[in-house]
Engineer: 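One structure, as structure tokens, below. Some questions next.
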Amino acid sequence: MSKHRRSTGPGATFGLWNRIAVIVAGILLVSWGGPAATAFWGSISGGPGAAKADTVAQGSKPVTTVSGGNVTVTWAASTTAAGRSVTGYSIARYATATAGSRIAAAGTCTGTVAALICADSNVPTGTWYYTVTPLLSAWQGAESTRSAATAVDATAPGAPVITAPVYVYSGNVNNVPVSGTAEPGSTVVLTVTGAGAQPLTETMTANGSGNWTAPLLNMSAFNEGNINYSARATDAAGNTSPAGTADSTKDVTAPTVTGVRLNNGGATAGKVEAGDYVTLTFSEPLKASTICSTWTSPASTQTVSGNGNNRVVVNVSANNALSVTTNSCPVLRVGSVALGGDYTSSNLSFNTANSGGILHWSSTSQTLTVTLGGGSAGGATLTSTTIFPTYTPASDLTDVAGNQLGTSSVPGAPSRF
């Protein structure tokens, strides 16, 4: 029976070290479960190789900034004790300064983050504390100390309320007042749009009571028609509200007199007497209260009539000018009508106690009608059919938007009582 002998010479020793060098080549990492992961790094040099331990340092305490429901997290780079760079970081947040449940961050902070900054998105309202954990391949270092308290306000303000004029008209078109309310201290951005021009934008801050006022706005560049207002409020946390809206109508066209006509409603054509009436027609509806201060819009018709102290009194002067008064209207604006013919050589008043005149406004037909009440007829009967009355409006008559009617005399169609 043959026997095998173990070689103990120098060649056998060199072969053994080669085999050991192959075995320990590479990186063997072992997690201690303690404050840092320990990595064992092997030697592949000729001769005896000693395994060397390395550790992943604890993550650095992060710094946070907040904008609305988004939190930006930044931190310093981590390395191993031997100076090797880690491969990434894991970001988390807690609802308490100590203990509590670990919540993985979202947004660009999801998973392993290679950079030194990320943004946690859609963070609920509350106070949060962030941590950073360095990672080296499949191993990790100790979680960092928690950040300072990070207060998140993810609740958006309510939509601002806008107060704007119903009409943009000739009297305010260069200085339109717009104001409103919003969350106190919020920044309000107002945008005004309309046809024919670029939008107007103004930025204001709501005061401690929530009130804001825009600088007076010049809307002369917009076309007539609809003007739209939109305002959003952004609070100190960066949350932006839904839009609050409002509208105005731009009308800068002044009304005009389009018709002046005398109508026979009495017993004798060509004679000024009870029942006759004057019809004044306008290019658009007037604001009723500028005719008679007790009239209101948007009623389509308004009338003053009756007997007693409040009856309508129609006067025709000796120079044949017709005017109107009534106690029913504390402020009455009609003007006067030159009748265009010699109906009377004396002053006449149609205002008997039991038969007052009538003052009637129709916004539908855009007409003001003055009807003569009881009284003595004029002494002349006119036969001409080419008599032209002329109307001189009172001052401060306006259309619904507020544009003033001119006060120049306007000739009417050939007509007579």
Side-chain angles (χ1 to χ4, degrees), residues 165-173 223-227 247-266 275-306 312-316 321-326 328-340 350 356-373 387-417:
V166 176
Y167 290 98
V168 173
Y169 68 105
S170 58
N172 69 3
V173 65
N223 295 344
E224 289 194 328
N226 203 39
I227 302 291
D247 298 283
S248 294
T249 298
K250 181 178 178 180
D251 174 5
V252 293
T253 302
T256 60
V257 179
T258 59
V260 182
R261 187 173 187 85
L262 306 182
N263 304 276
N264 177 44
D276 290 340
Y277 59 99
V278 180
T279 303
L280 306 172
T281 306
F282 303 89
S283 60
E284 59 180 303
L286 299 185
K287 187 174 183 179
S289 61
T290 66
I291 303 171
C292 173
S293 56
T294 59
W295 288 351
T296 59
S297 297
S300 59
T301 60
Q302 308 275 351
T303 302
V304 175
S305 63
V312 173
V313 178
V314 179
N315 297 304
V316 177
L322 181 147
S323 60
V324 185
T325 62
T326 178
S328 293
C329 302
V331 178
L332 177 67
R333 302 181 185 91
V334 174
S336 62
V337 179
L339 301 180
F350 297 88
I358 300 172
L359 186 65
H360 177 78
W361 165 251
S362 170
S363 61
T364 303
S365 61
Q366 301 161 197
T367 58
L368 179 64
T369 304
V370 180
T371 303
L372 282 62
I387 298 171
F388 291 85
T390 301
Y391 172 49
T392 303
S395 60
D396 296 327
L397 288 168
T398 74
D399 64 11
V400 175
N403 301 295
Q404 291 208 0
L405 179 73
T407 56
S408 298
S409 298
V410 180
S415 58
R416 66 177 184 179
F417 285 140

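Computed from heavy atoms alone, side chains included, the values below leave out hydrogens, waters and symmetry copies. Keep in mind the model is a prediction, meaning the values are calculated, not measured.
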Engineer: Side-chain contact test, heavy atoms from C-beta onward, threshold under 4.5 Å: evaluate it for Val257 versus Thr281 and give yes or no.
Structural biologist: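 Val257 vs Thr281: side chains apart.
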Engineer: I need the minimum non-hydrogen distance between Thr407 and Thr392, along with the two atoms involved.
Structural biologist: O-CG2, 3.6 Å
Engineer: Taking atom CZ of Arg416 and atom CZ of Phe388, what is their separation to the nearest 0.5 Å?
Structural biologist: 13.5 Å
Engineer: Given the rule in the side-chain contact (heavy atoms from CB on, under 4.5 Å) test, do Leu322 and Leu372 qualify, once you have shown the distances and angles that lead to the verdict?
Structural biologist: CA-CA 10 Å; Leu322 181 147; Leu372 282 62; 4.1 Å; yes
Engineer: Apply side-chain contact (heavy atoms from CB on, under 4.5 Å) to the pair Val324 and Val313, showing each step before the final yes or no.
Structural biologist: CA-CA 6 Å; Val324 185; Val313 178; over 6 Å; no
Engineer: Measure from the side-chain N and O atoms of Gln302 to the backbone N and O of Thr296, and report whether any donor-acceptor pair falls under 3.5 Å.
Structural biologist: yes
Engineer: Do Glu224 and Thr253 pair up side chain to side chain, a donor and an acceptor below 3.5 Å, judged on atom types alone?
Structural biologist: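 Result is yes, a qualifying pair exists.
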Engineer: When you check the side-chain N and O atoms of Ser415 and Asn263, is any donor under 3.5 Å from an acceptor?
Structural biologist: no
Engineer: Hey, could you give me the NE2/CD1 distance between His360 and Ile291, rounded to the nearest 0.5 Å?
Structural biologist: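 Between atom NE2 of His360 and atom CD1 of Ile291 there are 10.5 Å.
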Engineer: If the test is side chain to side chain contact (heavy atoms under 4.5 Å, CB included), which one of Ser409, Pro411, Pro389 qualifies with Val260?
Structural biologist: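 The option that passes is Pro389.
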Engineer: Return the minimal non-hydrogen interatomic distance between Pro285 and Ser363, and the atom names on each side.
Structural biologist: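 In this case the closest contact between Pro285 and Ser363 is CG-O, 3.6 Å.
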Engineer: Counting C-beta onward and ignoring hydrogens, is there a side-chain heavy-atom pair between Thr369 and Val278 closer than 4.5 Å?
Structural biologist: no
Engineer: Please find the pair of heavy atoms, one from Thr371 and one from Gly275, that lie closest to each other, and give the distance.
Structural biologist: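 So the two residues come closest at CG2-O, 4.2 Å.
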Engineer: State, to 0.1 Å, how close Tyr167 and Val400 come at their nearest heavy-atom pair, and which atoms those are.
Structural biologist: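 Of all heavy-atom pairs spanning Tyr167 and Val400, the closest is OH-CG1, 3.4 Å.
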Engineer: Within this structure, what is the CG-OG1 distance for the pair Leu262 and Thr279, rounded to the nearest 0.5 Å?
Structural biologist: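 It comes to 9.0 Å.
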Engineer: Could I get the full list of side-chain contact (heavy atoms from CB on, under 4.5 Å) partners for Arg333, not counting sequence neighbours?
Structural biologist: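 Per chain and number, Arg333 pairs via side-chain contact (heavy atoms from CB on, under 4.5 Å) with Thr290, Val331, Ala394, Asp396, Leu397.
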Engineer: Within the 4.5 Å heavy-atom criterion, are Ile387 and Leu339 side-chain neighbours or not?
Structural biologist: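 Side chain of Ile387 against side chain of Leu339, heavy atoms only: no contact under 4.5 Å found.
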Engineer: Please name the pair of heavy atoms, one in Pro393 and one in Gly406, separated by the smallest distance, quoted to 0.1 Å.
Structural biologist: CG-O, 3.4 Å
Engineer: List in chain and number order the residues that pass side-chain contact (heavy atoms from CB on, under 4.5 Å) with Ser289, two or more places apart in sequence or in another chain; answer none if no residue qualifies.
Structural biologist: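 So Ser289 forms a side-chain contact (heavy atoms from CB on, under 4.5 Å) with Lys287.
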Engineer: Distance from Leu405 atom CG to Leu286 atom CG, nearest 0.5 Å?
Structural biologist: 6.5 Å
Engineer: Okay, side chain of Ser362, backbone of Ser365: is any donor-acceptor separation there less than 3.5 Å?
Structural biologist: yes
Engineer: Which pairs, with at least one residue in residues 280-305 and sequence neighbours excluded, count as a ring-ring contact (aromatic ring centres under 6.0 Å, His included)?
Structural biologist: none
Engineer: Can you give me the closest heavy-atom contact between Val316 and Phe350, atom names plus distance?
Structural biologist: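 Minimum heavy-atom contact is CG2-CE1, 4.1 Å.
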Engineer: Return yes if some donor-acceptor pair links the side-chain N/O of Asp276 with the main-chain N/O of Asn264 below 3.5 Å, else return no.
Structural biologist: no
Engineer: Test your reading of the model: is there a side-chain donor-acceptor pair from Thr326 to the backbone of Ser328, 3.5 Å cut-off?
Structural biologist: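 A pair under 3.5 Å: yes.
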Engineer: Under a 4.5 Å cut-off applied to non-hydrogen side-chain atoms, are Lys250 and Asn226 in contact?
Structural biologist: no
Engineer: Quick check for you: to the nearest 0.5 Å, what is the distance between Leu332 atom CG and Leu359 atom CG?
Structural biologist: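 Atom-to-atom, Leu332:CG and Leu359:CG are 6.0 Å apart.
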Engineer: Measure the spacing between CG of Asn172 and OG of Ser248 and express it to the nearest 0.5 Å.
Structural biologist: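 The OG atom of Ser248 is 8.5 Å from CG of Asn172, to the nearest 0.5 Å.
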Engineer: Looking just at side-chain N and O atoms, do Asn403 and Thr398 make a donor-acceptor pair shorter than 3.5 Å?
Structural biologist: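 No pair is found: no donor N or O on one side chain lies under 3.5 Å from an acceptor on the other.
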Engineer: Is a donor from one side chain sitting under 3.5 angstrom from an acceptor on the other, for Thr303 and Ser305?
Structural biologist: no
